Every structure is written in structure tokens, then in C-alpha cells.
Amino acid sequence: MRSQEPRSTSSCAACKLLKRRCGPNCIFAPYFRSDEPKKFAKVHKVFGASNVSKILIEVPEEQREDTVNSLAYEAEVRLQDPVYGCIGAIALLQRKMVELQHDLTLARARLALYAGTYSAGIGYTESDRFSMAALGEFPVACGGIMNSFSQTSYQVNQDAHLYDFTQIPYI
Amino acid sequence: MNPGRCAACRYLRRKCPPDCIFSPHFPPNAPRKFVSVHRIYGASNVAKLLQQLPPHLRAEAAESLCLEAQYRIENPVYGCVGLVSLLQQQIHDAEKQLAKIRAEIAVLKSQAQQPQAAPQENLLDIGSNLSFSNHQASYGFM
């Protein structure tokens, strides 16, 4: 009579998809739980299991969860927008940042105008000084590398609805 | 050896067919581009991705894949998602600052409008003074 060893039902999502045994040292198991099959499926589709494994091996263990989450986000966005992926999202955000900088410049000028015109008898408050001084130097992150996409950012803007910026886990 | 092979086929050490999906986007004079996308995505995934796109969009797709691959190589933990987070934070801060300035403008504007009400009050005061002094006058000349 064959002894019936209990079957392990604890395969991670990666090993389930790859149809292989999930060993105790499986590099994917801590980050791709079996109840989140889509997460690994998307990452596998875009990057491939082998490449994900190589990326995870080269980062320190304490940073692997963040790595997996960023790969999952990148894969999700690439699948939604196969042409531009995250680069499209970055172009949109940069465009928005440039518009905000413009708005801040105008608002600062208006504030100066009002404060200058009507300040007779009204001194600057501490918050006024803060507003005037801390305004606005918001250099847009990584502007240079995106120059090659400046022409396409307008077309990308039409697809703004594709990018769900609320799902980024890092803020 | 075929000198006309694209960077991808050179790297993969294979013949470069006339309809090679990689050759328009990975020319032989830019071998690093393919090395980075191959390292992060793998040749097979890149080929599948490009094949599912109409030809006129493949160049942009290849460029964006190269950029993302570069970001990921330079920052294996966050890749380009780190930049997305940073931009989001900057936008949040800028919007907050803009709201603050607009609120301050609104306050200054409302304070500037208040002195216009004062002259009407003065007229009323003058009017009441006049009636009083007339009254006084009527008494004074009695």
C-alpha cells in the first residue's frame, strides 16, 4: 500500500504558473502569494520569470519586496499601454508639473501685486514671507532624459485615463 | 558572417532575416540598446510585444522599452517607478503650494475691497451731524 504523503498545497503563484515544485528556497514565494496569481502572471508576461529571478537575486533581500512591487506596477502599466508603458506615465506627470510651475509663477506674481498694492498698513505676515520665499523652485524630475518623448507626449496625453497614479505603493 | 545583421541578431548569434522584427529598431551601430532590453525583458518578450503592435508604433515602443530597461539597470529596486513616485510627490507639493498662494490672494483681495465701504459710512455720519447741528442751530437762534 502506497503511503500517501500529504501534498503540498503551498506552491507560490509563480511555481503554480510555471508548473514546477515550489521549494523551501523559492525566490518568488515570499512575494508572489498563491492568492495573487495575476500579479505574477503580469510580471512573467512582460519580464519573464528568469529575468525577474535574476533581478531579485542581485538586490538585497530587504529590498526585494519593493523590487517586486515596482516590477508589478511597471508590468501593469506596460500591459495597459504597450507602446509607452511607464515612460508615457512619466511624460504625462512631467507635463503636469510644467503646467503647475507655470501656474505657480503666475500666482506668485499676482500675490506680489496684491501684496505690494494693498500692503499699506498691512504688514507681511510670516506666512506671506514663507509663500514668497519657498515658492516655487520645483525642478521637474529628470527632464533631460525625456526630451526624446516631448513630441509624443501630446498624443500620450490623450491616453491619460490609462494611468492609475493612485496605485503607486511608494509615497 | 553577415555584416548586415541587426544588433539583436548579432547579440543572439543568429541569421538576421529580411523581416527581422528587431532590425528596424536595433541597428548594428547601437548594440547597447539591445543588450539592456535583452537583460531586462528578454528577446522573446520584446519580439512578442513589438509583433502585437502596428508597425508605425513599434519604433516608439522599442525606445520606451530601452529607456525603461536603462532605468531598471541603473536602479534595480525601483526602476523608472521611482521617478513616477518622485514626480507625484512634486506635483502634490506644488498643488498644495498653489492652493496656499491662491488663498492668500483671496484674503488680500477681500481686504482690499473693504475700504470702499468706508466712504458710505462717512456720508451717513456727516448726514447725522448735519441734522444735529441744524437742530442745534434751531435751538441756538431761538
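Reminder, nothing fancy here: chain letters follow the sequence lines and each chain counts from 1. Computed from a predicted structure; not experimentally measured.
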J.: Do B/His25 and B/Cys66 have side-chain heavy atoms sitting under 4.5 Å apart?
T.: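 B/His25 does not reach B/Cys66 side chain to side chain.
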J.: Is B/Ser36 reaching over with its side chain to a backbone N or O of B/Arg32, donor-acceptor style, under 3.5 angstrom?
T.: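 Yes, the answer is positive, given that a donor and an acceptor are paired below the 3.5 Å cut-off.
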J.: Please classify the contact between B/Ile40 and chain A as side chain, backbone, both or neither, with a heavy-atom cut-off of under 4.5 Å.
T.: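 Both backbone and side chain.
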J.: Heavy-atom pairs under 4.5 Å with chain B - which of A/Gln63, A/Glu58, A/Arg78 has more of them than the others?
T.: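 Heavy-atom pair counts peak at A/Arg78.
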J.: Is it true that A/Arg108 and B/Glu104 make a salt bridge, defined as a side-chain N closer than 4.0 Å to a carboxylate O?
T.: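 Judged by the 4.0 Å cut-off on N to carboxylate O distance, A/Arg108 and B/Glu104 do not form a salt bridge.
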J.: Considering only heavy atoms, give the residues of residues 42-49 of chain A separated from chain B by less than 4.5 Å, sorted numerically, with 'none' for an empty result.
T.: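 Heavy-atom contacts from residues 42-49 of chain A to chain B are A/His44, A/Lys45, A/Val46, A/Phe47, A/Gly48.
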J.: Parallel under 30°, tilted from 30 to 60°, perpendicular over 60°: which one fits the rings of B/His38 and B/Phe34?
T.: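 Judged by the thresholds at 30° and 60°, the geometry between B/His38 and B/Phe34 is parallel.
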J.: Taking 4.0 angstrom as the limit, do A/Glu76 and A/Lys39 come out as a salt bridge?
T.: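 So A/Glu76 does not pair with A/Lys39 through a salt bridge.
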J.: Heavy-atom count around A/Glu62 CD within 6.0 Å, excluding the residue itself: above 12?
T.: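 Yes, enclosed.
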J.: I'd like to check B/Cys80 versus A/Glu74 (side-chain heavy atoms, cut-off strictly below 4.5 Å). Are they in contact?
T.: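 The answer is yes, as the side chains (C-beta and beyond) meet within the 4.5 Å cut-off.
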J.: With a 4.5 angstrom heavy-atom cut-off, could you sort out which part of B/Leu65 is near chain A: side chain, backbone, both or neither?
T.: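 Both backbone and side chain of B/Leu65 come within 4.5 Å of chain A.
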J.: Between B/Ile105 and chain A, which part of the residue has a heavy atom less than 4.5 Å away: side chain, backbone, both or neither?
T.: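 Its backbone and side chain both get close to chain A.
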J.: Taking B/Leu50's backbone N and O only, do any of them form a donor-acceptor pair with B/Arg58's side chain (distance below 3.5 Å, no angle check)?
T.: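 Side chain of B/Arg58 to backbone of B/Leu50: a pair is present.
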J.: Any idea which of B/Leu98, B/Ile91, B/Leu53 has the most non-hydrogen atom pairs under 4.5 angstrom with chain A?
T.: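 The candidate making the most pairs under 4.5 Å is B/Ile91.
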